[in-house]
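Accompanying notes for the structure given below.
Just so we're clear, the structure is a prediction, and the values are computed from it rather than from any experiment. Numbers restart at 1 for each chain; the letters A, B, ... are given by sequence-line order, proteins then strands.
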Number of protein chains: 2
Amino acid sequence: MTDKSINLTEYLIEHGIRPSFQRIKILQYLIGNKDHPTVDDIYQAVAKEVSTLSKTTVYNTLTLFTQASIIKGLRASENEIRYDPDTADHGHFKCKKCSGIYDFAVNIDTLQSDALAGFQIHEKGIYFTGICPACMENKTNSKSEEETK
Amino acid sequence: MTDKSINLTEYLIEHGIRPSFQRIKILQYLIGNKDHPTVDDIYQAVAKEVSTLSKTTVYNTLTLFTQASIIKGLRASENEIRYDPDTADHGHFKCKKCSGIYDFAVNIDTLQSDALAGFQIHEKGIYFTGICPACMENKTNSKSEEETK
DNA sequence: ATACAATTTTGTAATGATTACAAATATATT
DNA sequence: AATATATTTGTAATCATTACAAAATTGTAT
Ligand SMILES: [Mn+2]
Ligand SMILES: [Mn+2]
Ligand SMILES: [Zn+2]
Ligand SMILES: [Zn+2]
């Protein structure tokens, strides 16, 4: 779902998900924020619009969306799951300094040597870590203390 | 760290780690069990030999070993970290049925397209999930209920 | 529209892995 | 032996996630 013109309600129905108010708002946020937000990021943001929102609903909804394969849960961060509305195969680079998570294109098919013959593959996760270009130059990057917790 | 004949004490010293009794026992267990054990696996096993062992010591030691790059922490499992004494680049396949984690060779260099030019890469994690060959045939695999929590 | 059933949301209470912390123990140095 | 340093241990937080049941919403049948 990259096309902004698509109707979110229809989109959910097409994937067998009843389009409740909360679900639409959460999906809307995800599509508008492809920076791999955490559950709390999503909760905090959507709660501003839906004041009665429960974090449990966010968890429920994300699980539902993930099962319907319209989003993907990422393990790029140590402690928490981050979510990605881009379900196409791509790699994730996590900067140790600024904690930013960058997408990167990757030719996953070249990976599939004969090593996994006989295995039925469902998901392919490519996670790199290191220092991003911005943090490489900017030695005095102070975001790390705040965010890396 | 594949050669069994190597002296564990010397090995730790070479990597700047003081070879305490607990550390040697934990390293010994890791080298002898390359099935990617959890912290609790390691604790339960080593505690049989070192009855006074504290789980905190296991955590401390694993962090120390990881920082010294003699082992690697894996995020193949959802909730818990698993540890691998094989620090060479290789992929991990997690079977959703039996929860087993399989190593697989992967040509990681072919991945590095120009997408990450300018990024300083420290770690490369390749995590696949799906069904392993054994579980594909054996439809009535009951391990899943026990182990998958 | 009303009554009933099914679904969704919500709040609160567990769970469980990891971390923080300080006292106790062991090891190194003088 | 005395003292300083490093390691281990036990217990108490932390914190993301899950479990659960009541409340609210929505769908369906009269
Ligand atoms: Mn992404
Ligand atoms: Mn491995
Ligand atoms: Zn950065
Ligand atoms: Zn299996």
Strictly under 3.5 Å: I want the nitrogen or oxygen pairs between protein and nucleotides 22-25 of chain D, one per line.
none

Atom CD1 of B/Ile81 and atom P of C/dT19 are separated, to the nearest Å, by 6 Å

With sequence neighbours left out, what residues match B/Asp86 under salt bridge (charged side-chain N to carboxylate O under 4.0 Å, His left out)? none

Name all residues meeting the side chain to side chain contact (heavy atoms under 4.5 Å, CB included) criterion together with B/Thr63; count only those two or more places apart in sequence or in a different chain, and write none if there are none. B/Gln67

Residue pairs passing the ring-ring contact (aromatic ring centres under 6.0 Å, His included) test with at least one member in residues 27-51 of chain A, sequence neighbours excluded, are A/His36-A/His92

Side-chain heavy atoms under 4.5 Å apart, restricted to Ile/Leu/Val/Met/Phe/Trp/Tyr: what other residues fall into the cluster of B/Leu74, or is it alone? A/Leu74, A/Tyr127, B/Tyr127

In B/S/- notation, 5' to 3', how is nucleotides 25-30 of chain C contacted by protein heavy atoms closer than 4.0 Å? ---S--

Qualifying salt bridge (Lys or Arg N to Asp or Glu O under 4.0 Å) pairs, either residue in residues 36-45 of chain A, two or more places apart: A/Asp40-A/Lys55

Partner set under side chain to side chain donor-acceptor pair (under 3.5 Å) for B/Glu80, not counting sequence neighbours: none

Going by chain and number, the hydrophobic cluster around B/Ile101 (ILVMFWY, side chain to side chain under 4.5 Å) further includes none

Apply salt bridge (charged side-chain N to carboxylate O under 4.0 Å, His left out) to B/Arg23 and list each qualifying residue two or more places apart in sequence or on a separate chain. none

For DNA chain C, which residues in residues 53-60 of chain A have a heavy atom at a distance below 4.0 Å? A/Leu53, A/Ser54, A/Thr56, A/Thr57, A/Asn60

Which nucleotide, C/dT18, D/dT7, C/dT10, lies nearest any side-chain atom of B/Ser20? D/dT7

For A/Glu123, check side chain to side chain donor-acceptor pair (under 3.5 Å) against everything at least two apart and list the hits. none

